[in-house]
Novice: 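Got a structure for you, written out below as structure tokens; questions coming shortly.
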Amino acid sequence: MLKKVVMIGVITLLLLGGPLMGDALAQAAATPPPTADTGDTAFMLISAALVLLMTPGLAFFYGGFVRSRNILNTLMMSFVLMAIVGVTWVLWGYSLSFAPGTPFIGGLQWLGLNGVGLDVTGYLQGSNPPEVVSYAGTIPHQAFMIYQAMFAIITPALISGAIAERMSFKAYALFVLLWSTFIYTPLAHMVWAKGGFLGLYGGLGALDFAGGTVVHISSGVSALVAAIVLGPRKSHPDRLSPPHNVPFILLGAGLLWFGWFGFNAGSALSIASGTSGNFVTNAATTAFVATNTSAAAGALMWLILEAALRGKPTAVGAATGAVAGLVGITPAAGFVTPLSAILIGFITSFVCFYAVSFKHKLKVDDALDTYPVHGVGGTVGAILTAIFATLEVNSAGKNGVLKGNFSELGVELVAIIIAYVIAAVGTWIILKIIEATVGLRVKEEAEYQGLDINEHGEEGYNSEFSDRVNVS
């Protein structure tokens, strides 16, 4: 009798359990995967477009400084990065920069964007540190990827300012291809990627909100090495010409300032607010305010120095000071208060002003002052980040020296030194390889005639406005 009761009970459970399990499975299957936040996604795509705009802005900023017979070549040295890195980033650059790998370089699993889809989270599952499962949990993975592509595009373009008016375009294209692969990707991985040696995702904890070490120190140091290896222009320093188009310089600086909001505020990767203790935080807003404030302070400091020391404030000085302020705030933008941003802009511009003067005394032909502005400015900005950073404005950051965390300064100095060594040694090796194969410089006759007609077969201005020299 007991046996029959048990059998009837089992059969009843099976009959009832089938539909119940089916309902549970149906509910599980109907549960949608996490979807992207539309506001954050729109914000990041707009920020990516703003960062891309900085590259044409840089082209005009640099282009205004050179002689008119080299304007197109100078513009092209920035524009071509949108083509070269726009392809290589998809093929291998993103994987080497952000895929889980070693502490020093990413893996190969995302080559050709294999596995880089529209998912918003989980794509870092299974790698260390385990709690980090995505880079930005409210936007598609591809949105994060394309945003980072814009940083990879503009960074090597910055180097072109140091080697303007004398490097062959073929050598330059090969250089930026190799540099973006072997210098930029490991630095980006070490600072920003999960498990990177220097960063906040399981590394030493260096603070670099938007690229002080990855972008500005790396490009500035590489620019200085490139200027030394390449040698000075034939007209340096005895027959240097003034900028041929100051309105271009102001236009370029304005576009850079405008695009820098995407560069810094976009690095928050979200427009959402949060809390840090008793404080309300919003990293995007903090970075936006800090960016504008530091740029304004940088321009103001440069104008004051020019007026006090040279008698007249100049348009070129205003543009250069603004860029110096923008460079200085880049690593700190999401970690500091507006008053700290003013000090960062003032201090960075002050140091860069004297760095430009000191460069002239050294007679190094860094043609457009890339190292004094970006290398020195990025270094100063990284150090000031360690001083002014506070958890009151960003719980994802760290406190700096003024908040009692003196060890952060040591961490930043380690990151700066590593960036200097990788950029300097790597750039020297790359340039020596190119010099031994395809050569680095244009011929002397071509340098005097201008690189526009010799390297590109066209001119920026017709002969009525050109300063091209005919060499017989």
Novice: So, does K312 use its side chain to make a donor-acceptor pair with the main chain of A307 at under 3.5 Å?
Specialist: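 No; judged by distance alone, with no hydrogens or angles, the pair does not exist.
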Novice: Test your reading of the model: is there a side-chain donor-acceptor pair from R69 to the backbone of E459, 3.5 Å cut-off?
Specialist: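 Answer holds: no.
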Novice: Starting from the C-alpha separation in whole Å, work towards a yes-or-no answer on side-chain contact (heavy atoms from CB on, under 4.5 Å) for F346 and L300.
Specialist: CA-CA 8 Å; F346 279 156; L300 185 60; 4.3 Å; yes
Novice: List the steps and the verdict of side-chain contact (heavy atoms from CB on, under 4.5 Å) for I383 and E412.
Specialist: CA-CA 6 Å; I383 293 172; E412 292 298 327; 5.9 Å; no
Novice: Using only atom types and a distance under 3.5 Å, with no angle test, would you say the side chain of T370 pairs donor to acceptor with the backbone of A162?
Specialist: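 Such a contact is found between T370 side chain and A162 backbone.
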Novice: Assign the ring pair F61 / F65 to parallel, tilted or perpendicular, where the plane angle (0 to 90°) is split at 30° and 60°.
Specialist: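 It falls in the perpendicular class, over 60°.
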Novice: Could you pull out all residues at least two apart from D40 that satisfy side chain to side chain donor-acceptor pair (under 3.5 Å)?
Specialist: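 Partners of D40 by the side chain to side chain donor-acceptor pair (under 3.5 Å) criterion, ordered by chain and then number, come out as T138, S270.
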Novice: With no hydrogens and no angle check, is any side-chain donor or acceptor of D369 less than 3.5 Å from a backbone partner on P372?
Specialist: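 No: the side chain of D369 does not pair with the backbone of P372.
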Novice: Could you check whether F151 and Y184 have their ring centres less than 6.0 Å apart?
Specialist: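 Aromatic pair excluded; centres sit 6.0 Å or further apart.
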Novice: Using modelled atom types only, decide if a donor and an acceptor are shared between the side chain of S218 and the backbone of V215 within a distance under 3.5 Å.
Specialist: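 Present.
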Novice: So which atom in Y62 and which in L158 form the shortest heavy-atom distance, rounded to 0.1 Å?
Specialist: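 Heavy atoms of Y62 and L158 come nearest at OH-O, 2.8 Å.
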Novice: Not counting sequence neighbours, which residues clear side chain to side chain donor-acceptor pair (under 3.5 Å) with T88? List them please.
Specialist: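 Partners of T88 by the side chain to side chain donor-acceptor pair (under 3.5 Å) criterion come out as none, since no residue qualifies.
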Novice: Give a yes or no answer on whether the side chain of K398 reaches the backbone of E408 with a donor-acceptor pair at less than 3.5 Å.
Specialist: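 It does not hold such a pair.
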Novice: Measure the shortest side-chain to side-chain distance between L174 and V438 over non-hydrogen atoms and say whether it is less than 4.5 angstrom.
Specialist: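 Yes, close enough: below the 4.5 Å cut-off.
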Novice: First locate atom CD1 of I84, then atom OG1 of T181, and finally report the distance between them rounded to the nearest 0.5 Å.
Specialist: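 So the CD1 of I84 and the OG1 of T181 are separated by 10.0 Å.
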Novice: Taking ring pair (Phe, Tyr, Trp, His ring centres under 6.0 Å) as the definition, give me every residue that meets it alongside F182, ordered by chain and number, with sequence neighbours left out.
Specialist: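 For F182, no residue satisfies ring pair (Phe, Tyr, Trp, His ring centres under 6.0 Å) once neighbours in sequence are set aside.
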Novice: For K234, give me all partners under side chain to side chain contact (heavy atoms under 4.5 Å, CB included), at least two apart in sequence or on another chain.
Specialist: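 By the side chain to side chain contact (heavy atoms under 4.5 Å, CB included) rule, K234 matches R441, E444, E447, Y448.
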Novice: With no hydrogens and no angle check, is any side-chain donor or acceptor of S349 less than 3.5 Å from a backbone partner on G325?
Specialist: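 No; zero donor-acceptor contacts below 3.5 Å.
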Novice: Suppose we screen for side chain to side chain contact (heavy atoms under 4.5 Å, CB included). Which residues come up paired with F350, at least two apart in sequence or across chains?
Specialist: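 F350 satisfies side chain to side chain contact (heavy atoms under 4.5 Å, CB included) with M301, L305, Y354 once adjacent residues are dropped.
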Novice: List the atom pairs, donor and acceptor, that lie under 3.5 Å between side-chain atoms in residues 45-57 and the rest of the protein, sequence neighbours left out.
Specialist:
unit_1: S47; atom_1: OG; unit_2: F43; atom_2: O; d: 2.9

Novice: Kindly give the heavy-atom pair with the smallest separation between A284 and I271, and that separation in Å.
Specialist: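 Taking A284 first and I271 second, the nearest heavy atoms are CB-CA, 4.4 Å.
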Novice: Check V327 against H374 and note the closest heavy-atom contact, atom names and distance.
Specialist: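 Distance-wise, the nearest heavy atoms are CG2-ND1, 3.5 Å.
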Novice: Within the 3.5 Å criterion, strictly below it, is a donor on Y420 or T379 matched to an acceptor on the partner's side chain?
Specialist: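 Judged by distance alone, the side chains do pair up.
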Novice: Search all heavy atoms of P313 against all heavy atoms of L303 and return the closest pair with its distance.
Specialist: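 Minimum heavy-atom separation between P313 and L303: CB-CD2, 3.6 Å.
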Novice: Given S68 and N70, is the side-chain hydrogen bond (donor to acceptor under 3.5 Å, both in side chains) satisfied, shown in steps?
Specialist: CA-CA 5 Å; S68 62; N70 296 317; over 6 Å; no
Novice: Identify the two heavy atoms, one from S78 and one from S160, that lie closest to each other, and give their separation to 0.1 Å.
Specialist: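 Residues S78 and S160, closest heavy atoms: OG-OG, 4.3 Å.
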Novice: Decide yes or no for V364 and L224: does some side-chain heavy atom of the first lie under 4.5 Å from some side-chain heavy atom of the second?
Specialist: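 Heavy-atom side-chain distance check passes, below 4.5 Å.
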Novice: Is the backbone of G345 close enough, under 3.5 Å, to the side chain of T348 for a donor and an acceptor to pair up by distance?
Specialist: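 The answer is no, because no donor-acceptor pair under 3.5 Å joins these two groups.
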Novice: Return the NE2 to CG distance between H456 and N454, rounded to the nearest 0.5 Å.
Specialist: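 Interatomic distance, H456 NE2 to N454 CG, rounded to 0.5 Å: 10.0 Å.
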Novice: Sequence neighbours excluded, which residues qualify as side chain to side chain contact (heavy atoms under 4.5 Å, CB included) partners of P129?
Specialist: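 Only E131, V132, K194 meet the side chain to side chain contact (heavy atoms under 4.5 Å, CB included) criterion with P129.
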Novice: Could you go through Y172 and L440, starting from their C-alpha distance and side-chain angles, then the distance that decides it, and tell me whether this counts as side-chain contact (heavy atoms from CB on, under 4.5 Å)?
Specialist: CA-CA 8 Å; Y172 174 74; L440 289 173; over 6 Å; no
Novice: Decide yes or no for L256 and V323: does some side-chain heavy atom of the first lie under 4.5 Å from some side-chain heavy atom of the second?
Specialist: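 L256 vs V323: side chains touch.
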Novice: Is there a side-chain hydrogen bond (donor to acceptor under 3.5 Å, both in side chains) between T337 and S340? Walk through the geometry before answering.
Specialist: CA-CA 5 Å; T337 65; S340 295; 3.1 Å; yes
Novice: May I ask you to decide if the ring planes of F258 and F261 are parallel, tilted or perpendicular, using 30° and 60° as cut-offs?
Specialist: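 Ring orientation, 0 to 90° scale: perpendicular.
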Novice: Would you say that L207 contacts L200 through its side chain, given a criterion of any heavy-atom pair below 4.5 Å between the two side chains?
Specialist: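 The answer is yes, as the side chains (C-beta and beyond) meet within the 4.5 Å cut-off.
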Novice: Would you please name every residue forming a ring pair (Phe, Tyr, Trp, His ring centres under 6.0 Å) with F209, sequence neighbours left out?
Specialist: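 With sequence neighbours excluded, F209 shows a ring pair (Phe, Tyr, Trp, His ring centres under 6.0 Å) to F335, given in chain and number order.
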Novice: Would you please name every residue forming a side chain to side chain donor-acceptor pair (under 3.5 Å) with T330, sequence neighbours left out?
Specialist: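 If we apply the side chain to side chain donor-acceptor pair (under 3.5 Å) test to T330, skipping adjacent residues, the hits are W260.
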Novice: Any donor-acceptor pair under 3.5 Å linking the side chain of D452 with the backbone of N73?
Specialist: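 The answer is yes, because a donor-acceptor pair under 3.5 Å joins these two groups.
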Novice: Does any part of the side chain of Y147, heavy atoms only, come nearer than 4.5 Å to the side chain of L269, both counted from C-beta?
Specialist: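 Yes, close enough: below the 4.5 Å cut-off.
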Novice: Taking E165 first and then R67, would you say they form a salt bridge - that is, a charged N and a carboxylate O separated by under 4.0 Å?
Specialist: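 Here E165 pairs with R67 in a salt bridge, since their nearest N and O are under 4.0 Å apart.
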Novice: Compare all side-chain heavy atoms of P103 with those of M190 and state whether any distance is below 4.5 angstrom.
Specialist: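 No. Closest side-chain heavy atoms not under 4.5 Å.
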Novice: Who are the side chain to side chain donor-acceptor pair (under 3.5 Å) partners of H189, not counting sequence neighbours?
Specialist: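 For H189 there are no side chain to side chain donor-acceptor pair (under 3.5 Å) partners, ignoring immediate neighbours.
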Novice: Run T320 and W302 through side-chain hydrogen bond (donor to acceptor under 3.5 Å, both in side chains) and show every step you take.
Specialist: CA-CA 8 Å; T320 306; W302 204 288; 5.4 Å; no
Novice: Which distance, rounded to the nearest 0.5 Å, do you find between the OG of S357 and the CG of L309?
Specialist: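 Going from the OG atom of S357 to the CG atom of L309 covers 8.5 Å.
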Novice: Does Y461 have its ring centroid less than 6.0 Å away from the ring centroid of H244?
Specialist: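 Yes, they do, as the ring centres are separated by less than 6.0 Å.
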Novice: Run the ring pair (Phe, Tyr, Trp, His ring centres under 6.0 Å) test against F144 and tell me which residues pass, sequence neighbours left out.
Specialist: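 Testing F144 for ring pair (Phe, Tyr, Trp, His ring centres under 6.0 Å), a comparison that skips the adjacent residues, returns F98, Y135.
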Novice: Below 4.0 angstrom, N of the basic side chain to O of the carboxylate: do D365 and R233 qualify?
Specialist: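 Salt bridge present between D365 and R233.
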Novice: Do D208 and V214 have side chains that approach each other closer than 4.5 Å (heavy atoms only, starting at C-beta)?
Specialist: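 SC-SC contact between D208 and V214 confirmed.
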Novice: Could you go through residues 385-393 and list every donor-acceptor pair under 3.5 Å that involves a side-chain atom there, pairing it with any protein atom two or more places apart or in another chain?
Specialist:
unit_1: T385; atom_1: OG1; unit_2: A332; atom_2: N; d: 3.4
unit_1: T385; atom_1: OG1; unit_2: G381; atom_2: O; d: 2.7
unit_1: T390; atom_1: OG1; unit_2: E392; atom_2: N; d: 3.1
unit_1: E392; atom_1: OE2; unit_2: K403; atom_2: NZ; d: 3.0

Novice: Do we see a donor-acceptor contact under 3.5 Å between the side chains of S395 and S276?
Specialist: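 There is no such pair between these side chains.
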Novice: Considering only heavy atoms from C-beta outward, does the side chain of I329 approach that of N264 to under 4.5 Å?
Specialist: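 A side-chain contact exists here, since the closest heavy-atom pair is under 4.5 Å.
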Novice: Among W89, W192, W92, find the one that has a side-chain contact (heavy atoms from CB on, under 4.5 Å) with S97.
Specialist: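 In the set W89, W192, W92, the residue that makes a side-chain contact (heavy atoms from CB on, under 4.5 Å) with S97 is W89.
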Novice: Any idea which heavy atoms bring N405 and S407 closest together, and the distance?
Specialist: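 Minimum heavy-atom contact is OD1-OG, 2.7 Å.
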